[in-house]
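Below is one structure; the comments refer to it alone.
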Amino acid sequence: MSTATPNTLLKTLLQNPSSIKTRSQAKQLHAQILKSTSSSSLINTILSIYSNLGLLQEAHLTFSTLVDPPTLSWKSIIRCYTSHGLFHQSIASFIGMRAFGKYPDHHIFPSVLKSCTCLMDLKLGESVHACVIRLGLDSDLYTGNALMNMYCKLQQCREEGPKSPNLNEHQVYDKTPARRLFKESLNNLSSSSDSGNGFLQRESSSLSSKQTADTETCNNFDHRVDGFVHRNANIEFSDCPCIIVDGIPLRWDSKEVFCMESVRKVFERMPVRDIVSWNTLIAGNAQNGIHREALMIVREMGLAGLKPDSFTLSTVLPIFAEYVDVSKGKEIHGYAIRNGLISDVFIGSSLIDMYAKCTRVEDSRRVFDLLPQHDAISWNSIIAGCVQNGLFDEGLRLFRQMVISKMKPKHVTFSSIMPACAHLTTLHLGKQLHGYIIRSRFDDNVFIASSLVDLYAKCGNIRIARWIFDKIELPDMVSWTAMIMGYALHGWANEALSLFRQMEMENVRPNYVAFVAVLTACSHFGLIDESWKLFHSMSRDYGIAPGLEHYAAVADLLGRAGRLEEAYELISTMHIQPTACVWSTLLGACRVHKNLELAEKVAEKIFKLEPDNMGSQVLMSNIYSAAGRWKDAASLRIAMKGRGMRKKPACSWIEVKNKVHAFTADDKTHPYYDKIHEALQVMSEQMVREGYVPNTDDVLHDVEEEQKRYILCSHSERLAIAFGIISTPYGTTIRVTKNLRVCVDCHTATKFISKIVGREIVVRDVSRFHHFKDGKCSCGDYW
DNA sequence: ATAGGGTTAG
């Protein structure tokens, strides 16, 4: 081999190092260099080539051969370490370089600062900043951007200034109340105000000049006109919900919590700013909850002559998602379409999420379908969007598709999909997922563990739920709440209460939902004093304004204890508008305690709020019947019939061998009906011998006692239990789910049946559910 | 040097 060829090759290659594209090319070149020369400058070149190609191993080895690496080599190795996530090594090399007396240049600081950011080490970052200033490199664009990014990300590490006494984190960060308020306000908003106050166009001249353009683009996308946009236009992102209870405002704009001073300072001192600088500043504000400021900077950026790019948009979209502002979200969507940014996966998943959070999953779905490529996050967004909007079956279907298309689920995927199984109480699916989770080693993730706790609790397996809960190393508020709610659903009030106290002892702050859980537990067990204490402690100690659920739980409790007037008083003085639902619990209590006078008063309120509320009309008519006021009862029923109202039959179902069997009352369509009926008869006789006395109070039909007993016996949950007994092996726990409250007699009967057959029977009632028709579930594929 | 997704709800 002649020596001329490789040398010429070397020369040409080294003049243009970016022509080396692959690992083998780089290694060949390296070999040639070692063979032909011992020049260290060529070694530096090959090191930077390795570093550029992201070849950590090769770069590391090459670097370690250098005795006194020049600045260029330090630069290469630091960048290589940082880009491979070896932040400690990156910092160590930086320190080593200083020790060797080498002066870092402006190429080094972005990597070093990124390492500080990823290590969450603000102190270190600040001293690096000092170093930057001493070297006079703070005017460098890249360094400035990296500094800003660091201060944005490490905002939380900074000691927060003096806290106002009532300020607590979850109030500021919990997104749910805002969304809840929004959904409630939808019912109240009827005026359609003009939504054309284009957010992007208003001041930024660089954007579309025609104000109608966005609307047009969006209309091409969205053919439906459902008034949502207009109704929504009243909600401004500046309207941070603030509830006043006893003169104390309970929510603050998070702006007061964070200060972006250092970021702003760096930004303002930068002599040159590019789009990255602006985007960093916007993202910093957005992610620290200072949304209004973030949006203002977008406009400012437009005035500075820079067009929002895909980074800007995917930073801004989550803001509109959080404030449920679909009209502004659609503006961004239109802007993305017009500027050819629509195939960007980042924008895509932000749009999917935004539409989903605005309860418009169909639109999320369309964005998803139109994306040329799906990554794990866009899959997660669409799956989470479906599940969060109650489309559990669709969520599961998409999850399957995701797995089929060889996209590996990430841990977020599991925490998004588990609630679907929990709500559908499909334990077999949940168990499969649990297996998948363990195999993927995601089982130590708090989010996933919390949803597993919820899943097992909802599926009636409270012990396994507790077992999973106990294995969580650092349970967060949601884990505690899921477990407490599990106990509440199973009627284990004392466990729920002691867990709640334990949570408080461990300094985990309960939030809105945690109080719903613990109050529900009290309410199921009739613990009036406890629930009053909790109810008051909620606003007093934690600054949480009681919501509908809390009022409902306490009112229900008072009502069931016969303290009807107190319950009435509580509901009447609520600081929010009571709904028909809250009044209905009191109406139920009026029936139990036979207080016709109050019942009429309450019913009037309900009928005014919800003229079509069938349950209450049936309830009221039953109250009249029980009081012997047949005429009133009849007239109510006739009125209902006249308006074409019919009560939907309740339905129970049981999962046997991965198949769901659904029953309605007196349902004779099941293929094993004869056997079920026979089993029920045998059991009924046995139950009576065991001392069972049917409680026919709930059966208000004007029929003979004998007939009443038959009606009780043919309730859907009993059919389902009987089917469970004859079709599952002895010793198996029978888990029946019902989509309305379990009747009192069935509750008693279940205990007797359980005793007779020597098996645990769990009847769970769920009010929100998927649809059953002719004994089949609407999501047949999954059963 | 900058961006998107997650758990609990009588």
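Letters A, B, ... are given to chains in the order of the sequence lines, protein chains preceding strands, and every chain is numbered from 1. Not measured: the values here are computed from a predicted model.
For A/F525, the side chain to side chain contact (heavy atoms under 4.5 Å, CB included) partners two or more places apart in sequence, or in a different chain, are A/A493, A/N494, A/L527. A/Y456 is linked by a ring-ring contact (aromatic ring centres under 6.0 Å, His included) to A/H434, counting only residues two or more places apart in sequence or in another chain. Remark: A/L135 pairs with A/Y103, A/P104, A/F109, A/C131, A/L137 by the side chain to side chain contact (heavy atoms under 4.5 Å, CB included) rule, at least two apart or across chains. Considering only residues two or more places apart in sequence or on other chains, A/D309 meets the side chain to side chain contact (heavy atoms under 4.5 Å, CB included) condition with A/I275, A/N279, A/F311, A/T312.
Judged by atom type and distance alone, A/D375 reaches the base of B/dG4 through a side-chain donor-acceptor pair under 3.5 Å. Residue A/S314 places a side-chain atom within donor-acceptor reach of the base of B/dA3, judged by atom type and a 3.5 Å distance cut-off alone. A donor-acceptor contact under 3.5 Å links the side chain of A/S349 to the base of B/dG4. A donor N or O paired with an acceptor N or O is not found under 3.5 Å between the base of B/dG4 and the side-chain atoms of A/S350. The base of B/dT2 lies outside donor-acceptor range of the side chain of A/T280, with no N or O pair under 3.5 Å.
Annotation: salt bridge (Lys or Arg N to Asp or Glu O under 4.0 Å) contacts involving residues 470-492 of chain A, sequence neighbours excluded, comprise A/R466-A/D470.
Shown for residues 514-523 of chain A: residues whose heavy atoms fall under 4.0 angstrom of DNA chain B, namely A/T520.
Going from atom CG of A/L351 over to atom C1' of B/dA3 covers 13 Å, rounded to whole Å. Summarising the geometry, the separation between CZ on A/F469 and C1' on B/dT7 is reported as 13 Å, rounded to the nearest angstrom.
Taking the six-membered ring wherever Trp is involved, the centroid distance between the rings of A/Y542 and A/F515 falls below 6.0 Å.
When the side-chain nitrogen and oxygen atoms of A/N279 are compared with OP1 and OP2 of B/dA3, none of them lie within a distance under 4.0 Å.
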